[in-house]
Every structure is written in C-alpha cells, then in structure tokens.
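Every chain is numbered from 1 and lettered A, B, ... according to where its sequence line falls, protein lines coming before strand lines.
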Amino acid sequence: MSKGIPKRSEDYSAWYNEIVKRAGLAENSPVRGCMIIKPYGFAIWEKMQKALDDMFKATGHQNAYFPLFVPKSFLEKEEEHAEGFAKECAVVTHYRLKVNPDGKGLIVDDNSELEEPLIIRPTSETVIWNAYRNWIQSWRDLPILINQWGNVVRWEMRTRLFLRTSEFLWQEGHTAHATEQEAIEETERMLGVYSTFAEDWMALPVVQGLKTETERFAGAVETYCIEALMQDGKALQAGTSHFLGQNFAKVFDVKFVNQDNEQTYPWATSWGLSTRMVGALIMAHSDDNGLVLPPKLAPIQVVIVPIYRDDADLPKIAEKVGPIVKELEDRGISVKFDDDDKYKPGWKFAEYELKGVPVRLGIGMRDLENGTIEVARRDELSKETRPMEGIADHIEGLLEEIQQSLYDRALAFREENTFSVDNWDDFKAQIEKGGFVAAHWDGTVETEAKIKEETKATIRLIPLNSIEETGECVYTRNPSAKRVIFARAY
RNA sequence: CGGGGUGUAGCGCAGCCUGGUAGCGCGCACCGUUCGGGACGGUGAGGCCGGAGGUUCAAAUCCUCUCACCCCGACCA
C-alpha cells in the first residue's frame, strides 16, 4: 500500500501532483511555470517519441530543425496567427549583460538592444514557411513533409506539471502540398496517426473531430483534434492537426509553378503533440497506489525482485533469474532485475507499484525449491504463483493482455461517461457531474460563448463520425443537424 | 490580475494565539538483528525559522514592508 498519496476521489488535483512527484516523473523548476523532467518521466516521453517518430517516418516524413527564435516581423505576418499568440510570447530584446558598475550582479547592457526583437517560438509556422519560400519552386518540389522535435514557450498564467507548462517539449509537423485535397488528406492522415498512437500505445481511447471556429488554431482554416476523457470527467485535447489552407504561403510569398506553368500557392498543414500526453497518461490509468503505465510505454515492463534472508541465497536466485531476463529481453521486453540489497522486498513492491511497472516477478528460496515464480500485475494489483517453466511466454502474453485491458477499461469508462442530453437543465446538471455531453448546437459562436459562460463547458469537438440527426440546439432551440461534444476541459 | 493558502533540517510538518537557548516523523551515517507487502533497536550528523526593517532586556513567535511558491478563477495545447 502506498503511503500518503491523496485519494483520487477526494482531491484529484493533489493526487495528480503527488503521482508526478512520487513516481519521479517531474518537479517544479526555479523558473515559474517550467518543469524539470526527471529521468523516469523523460524515459516515458522517449518511448512516446520513438513510437511517433517511427509512424511519422512510415508516412514519409523527415525530421529537421528550425531555430528557437522567431523575428517579431515573422510572427506579425499572418494576422490571426499573430493575434492568437501575442498574449503569451517571451520576447528577447537584448543580447548582452554586463557587470553592474554600481555593485555586484549583472545588468542588461543597454548598448546591446536588438534592432528587431526576437520571439521565443510559441510554434514554428512562420520561420518554417519563411524557409519554404526558398525550398519550393516547382510542383516537383512538393510535397514537403517535415517534422521537428523541439521545445516551445507559451507564457501561461497558470501551469501544471506536464498538462500545461510555459515551456514544453513537442513535435510539430509542417507540410506543403500542391493541392488542397492533398493537404486535407495529410491533415486527416496525421490525425489518424495520433489516434493510433493514443489508442494502441497509450491505451487511451479518443474521439476524432473538428474544432469550432472559437477553438481553432490561430491561422488555420480547419483544426482537427483528438479528445480523451480523464478519470475525473474532464476532457483533454490530446493532439491537433491543422489544415492551414494557403494562409502562410500567401503571407510568406511561397509560390510554385504547377504542371500548367502557372504560379500557384501551395497548401499547408501542421500538427503537434506534446509532453502534455505524459499528463494524459497519468490521468487516464493511474490509481490511488500510484502510476499505472501501459506496457508499450513503460520504461521498465517487468521488474524482478529477489527475496532472500541469507546473502548467500542471492547468487542462487540470480542464477535462476539470469536466463529469464535473457529470454524476456530476446523478446524485446525491458526487464530490471533489482538485486539492490539496500532495500527490502516490501519496499520494492511498493516502489514499483508507485512507478507503474506493469509486471512484477517475485522469486525466493521457496520458488527455487518448487520451480515457481510469483507474477503480479500492476493494473489489477493481483498476483499468482506460476511454474517457472514457460514463464517468458506467459509474460509476453500478459503484457499484451494488460495493454488491452487498460484500453478496454478506459473505453468502458468513457462510454459510461458520455451522455446524450436534449434540454438545458439536464445539460447544466450533467456538465456539473462531468463527462462528455453530446448535445445539439445551433452552430453560432454566440451560443457557444454563452454556454461556456454559464457552465464553463466548451465544445470539445464536432465528431467526424457523428451521424446526421436533426434536432434543436440545447440552448437556443434553433435547428441543428448534428450533435457536438461538450465538456469541461484541461 | 482577483480570491485563498504556505514559507522552520534533504522531504513532510509542529511550535507562533499567551516572546525566554528550535522540536517531531521520514530520510541520511554507523552497529547489530531482520528480509514472501514500505522491518526493528541503539548511537549520531544535520536548521543564521523565505528576506528587510521595527518593537523589546529578549523575536520563529508581535508590527510594517517585501519576495517566492502552491491551490481556485480569468488565458490556453
């Protein structure tokens, strides 16, 4: 049993913070709003990166790197984009400090003011499209399929580890295409990649859809997103993919000659997914005993804890464990044999539970005599004693089972917490209770704003697969063609 | 920026109201016994009580000012 983690049911927010700290994922930094990602947390992010990067490569993308600094004039070019990000930009105005002549410390050297301020990128559309001007001449240069792994800064008023930090790590894909159709297909393809990642790797069921005008990315023609439901009934945007039309091509004067020898603007997309997903992972599966990780993203999938009284027994156990470790590793399973004698088994059990290691094996002298091994699974907190014979096969299957089981559980939770609501009183009551609320909406920005004002719920998305169904707007009773998903969100 | 809270040992906290030589738990170091769900005993190290000023014979404690962080809201991935 874990010591001193607040209960999810009593204080979700405190529970979340404790998991992040106690599992060694991240901690606060001296700079407000920024976080220190610790090795274990970063290992999870690296697993995410690897899975995504492979999928990006498999869909024809290449990685590149663009600078951290964006000239202010670049950011200004696309009007909506500029307005959208203006409020949260860190600005570099000087390039030098000097020793304070009046005493100790350093002060900004006034003689080092930049002619043009540099913005620390909140996203990279502008620098990238400025570069694309030189990269794109002919239809033969297209498509350009680039992804970048990096950091961005959005000066947030209020932050939470992983979920919203002023600086965060992410990937941003930026593509250019000859036709509108091709760009839209790319936007949808990458949304599909994100969905697959969320569901197959994170064991997190998501709904795919479109953002409303209000929630759309600043500068996009259309924003697609995936939304997931967290255990406290709040929604979390898990990834976004934008169809940018020709907006950035036009303002950066990027043109190409098409097959009919005409000067044409290319069509753009951009798509991103961030370290916020580590937060999503925690909130989706973890429990009052700590983190619960899906096997596919767990830095350690199997931990083996030796149990012995006499120091002389450890080598005997180790001898038996060696081949098991090898057999598991040969199957691509990451294993840790924790033979550290500074901690005792009970402590280790609790520790690996806190860290969400999917499978724990316990092996002691009793097992050596009986040819058995104890197998414990983190998701169900259950354990059983099994024959050592064929244990690798069993574990391989068990990891798959756990991965699937976490997904099934999360899906069942989402289904139990998705409600169709048709009148305003029910709507308000349900939003208060939490969950996804599917309701009719008259399609106007005004109604959306009023609903948000009165209930704090926003339209998370207009689902892609929603069935056409005529109805009346839950707020205005005006006609509506389909339901949209409302929720309170992170 | 509003509202609430907290700064005392590495971590978590008590002490403050009612000023009088800074304490508890965890962790840490060493010794011994332990080891199948966060072991136990013994010994020991560790703190200008967030910062500045004031009141007082005397301030962690009272007063003023400041800084930082956390939580709730407005902004947002």
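- If you check B/C71, B/G38, B/A77 against the side chain of A/Gln237, the one that comes closest is B/A77.
- Between the CD1 atom of A/Ile317 and the C1' atom of B/G36 there is a distance of 10 Å, rounded to whole Å.
- With both ends at atom P, the span from B/G5 to B/U64 equals 16 Å, rounded to whole Å.
- When each of B/A77, B/C75, B/G37 is scored by its nearest atom to the side-chain atoms of A/Lys452, the top-ranked nucleotide is B/C75.
- If you find the closest nucleotide of RNA chain B to A/Glu88 and to A/Gly362, the one lying nearer the 5' end belongs to A/Gly362.
- Looking at A/Thr175 and A/Thr269, their side chains do bring a donor and an acceptor atom within 3.5 Å of each other.
- For A/Lys456, counting side-chain heavy atoms from C-beta on, the closest listed nucleotide (B/G36, B/C70, B/A74) is B/A74.
- With a cut-off of 3.5 Å on both Watson-Crick or G-U wobble distances, the partner of B/U6 is given as B/A68.
- The phosphate of B/C71 has OP1 or OP2 within less than 4.0 Å of a side-chain N or O from A/Asn17.
- If you check B/A29 for Watson-Crick or wobble pairing at under 3.5 angstrom, you find it paired to B/U43.
- Separating the C1' atom of B/G44 from that of B/G7 is a span of 29 Å, rounded to the nearest Å.
- When rounded to the nearest whole Å, the span between CE of A/Met190 and P of B/A77 equals 20 Å.
- Separating the CH2 atom of A/Trp15 from the C1' atom of B/C71 is a distance of 17 Å, rounded to the nearest angstrom.
- Between B/C40 and B/C67, the distance separating the two C1' atoms is 44 Å to the nearest Å.
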Give the table of side-chain donor-acceptor pairs shorter than 3.5 Å for residues 357-369 of chain A, with sequence neighbours excluded, one pair per line with atom names and distance.
from	atom 1	to	atom 2	distance (Å)
A/Asp367	OD1	A/Thr372	OG1	2.6
A/Asp367	OD2	A/Gly364	N	3.0

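- Within 4.0 Å (heavy atoms only), A/Lys211 reaches no atom of the nucleic acid at all.
- Of the candidates B/A77, B/G36, B/C69, the closest approach to any side-chain atom of A/Arg32 belongs to B/C69.
- Separating the C1' atom of B/U21 from that of B/C17 is a span of 22 Å, rounded to the nearest Å.
- When heavy atoms are screened at a 4.0 angstrom cut-off, A/Phe217 is found touching no nucleic acid atom at all.
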With the criterion being N/O to N/O and under 3.5 Å, what pairs connect the protein with nucleotides 28-35 of chain B, and how long is each?
from	atom 1	to	atom 2	distance (Å)
B/C35	OP1	A/Arg309	NH1	3.3
B/C35	O2'	A/Tyr308	O	3.0
B/C35	N4	A/Arg309	O	2.8

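- In this structure B/G73 sits in a base pair with B/C1, meeting the Watson-Crick or G-U test at under 3.5 Å.
- At least one side-chain heavy atom of A/Glu448 sits under 4.5 Å from a side-chain heavy atom of A/Thr212.
- Using a 4.0 Å cut-off between charged nitrogen and carboxylate oxygen, A/Glu76 and A/Lys72 count as a salt-bridge pair.
- Qualifying side chain to side chain contact (heavy atoms under 4.5 Å, CB included) partners for A/Asp287, counting only residues two or more places apart in sequence or in other chains: A/Arg8, A/Asn289, A/Val292, A/Arg378, A/Leu381.
- Between A/Glu125 atom CD and B/A77 atom C1' there is a gap of 13 Å when expressed in whole angstrom units.
- Closest to the side chain of A/Met157, out of B/G36, B/A74, B/G37, is B/A74.
- Computed from coordinates, the A/Asp338 CG to B/G36 P distance equals 14 Å when rounded to whole Å.
- Between A/Glu27 atom CD and B/G10 atom P the separation is 15 Å, expressed in whole Å.
- Look at CD on A/Glu351: it is 13 Å from P on B/G27, rounded to the nearest Å.
- A salt bridge links A/Lys38 with A/Glu27: the closest approach of a Lys/Arg side-chain nitrogen to an acidic carboxylate oxygen falls below 4.0 angstrom.
- For the C1' atoms, the distance linking B/U8 with B/U55 amounts to 22 Å, nearest Å.
- A/Leu236 comes within 4.0 angstrom of nothing in the nucleic acid, heavy atoms only.
- At the heavy-atom level, A/Arg360 lies under 4.0 Å from base atoms of the strands shown.
- Using P as the reference atom, B/G27 and B/C16 are 27 Å apart when rounded to the nearest Å.
- Nearer to the 5' terminus of RNA chain B, by closest-nucleotide assignment, is the contact made by A/Asp367 (compared with the other of A/Asp367 and A/Thr275).
- Residues forming a ring pair (Phe, Tyr, Trp, His ring centres under 6.0 Å) with A/Phe252 (at least two apart in sequence, or on another chain): A/Phe74.
- Contact annotation for A/Glu156: base contact, defined as any heavy-atom pair under 4.0 Å involving a base atom.
- With P as the reference atom, B/G23 and B/C48 are 14 Å apart, rounded to whole Å.
- Pairing partner, B/C13: B/G23, with both Watson-Crick or wobble hydrogen-bond distances short of 3.5 Å.
- Side-chain to base pairing of A/Lys348 with B/G36: no donor and acceptor N or O lie closer than 3.5 Å to each other.
- As rounded to the nearest Å, B/U56 and B/G51 have P atoms that lie 23 Å from one another.
- Of the candidates B/G38, B/A77, B/G37, B/G37 carries the atom nearest the A/Phe349 side chain, counting heavy atoms from C-beta on.
- By the salt bridge (charged side-chain N to carboxylate O under 4.0 Å, His left out) test, A/Asp339 is found to be paired with no residue, residues two or more places apart in sequence or in another chain being considered.
- Using a 4.0 Å heavy-atom cutoff across all strands shown, A/Thr240 reaches no nucleic acid atom at all.
- Within the nucleic acid shown, A/Thr165 comes within 4.0 Å of at least one base atom, counting heavy atoms only.
- With A/Ser270 as reference, A/Glu125 is the one residue of A/Glu186, A/His174, A/His242, A/Glu125 to meet the side-chain hydrogen bond (donor to acceptor under 3.5 Å, both in side chains) rule.
- The CE-P distance, from A/Met277 to B/A77, rounds to 15 Å in whole Å.
- Remark: A/Asp338 pairs with A/Val303, A/Lys336, A/Asp340, A/Lys348, A/Tyr352 by the side chain to side chain contact (heavy atoms under 4.5 Å, CB included) rule, at least two apart or across chains.
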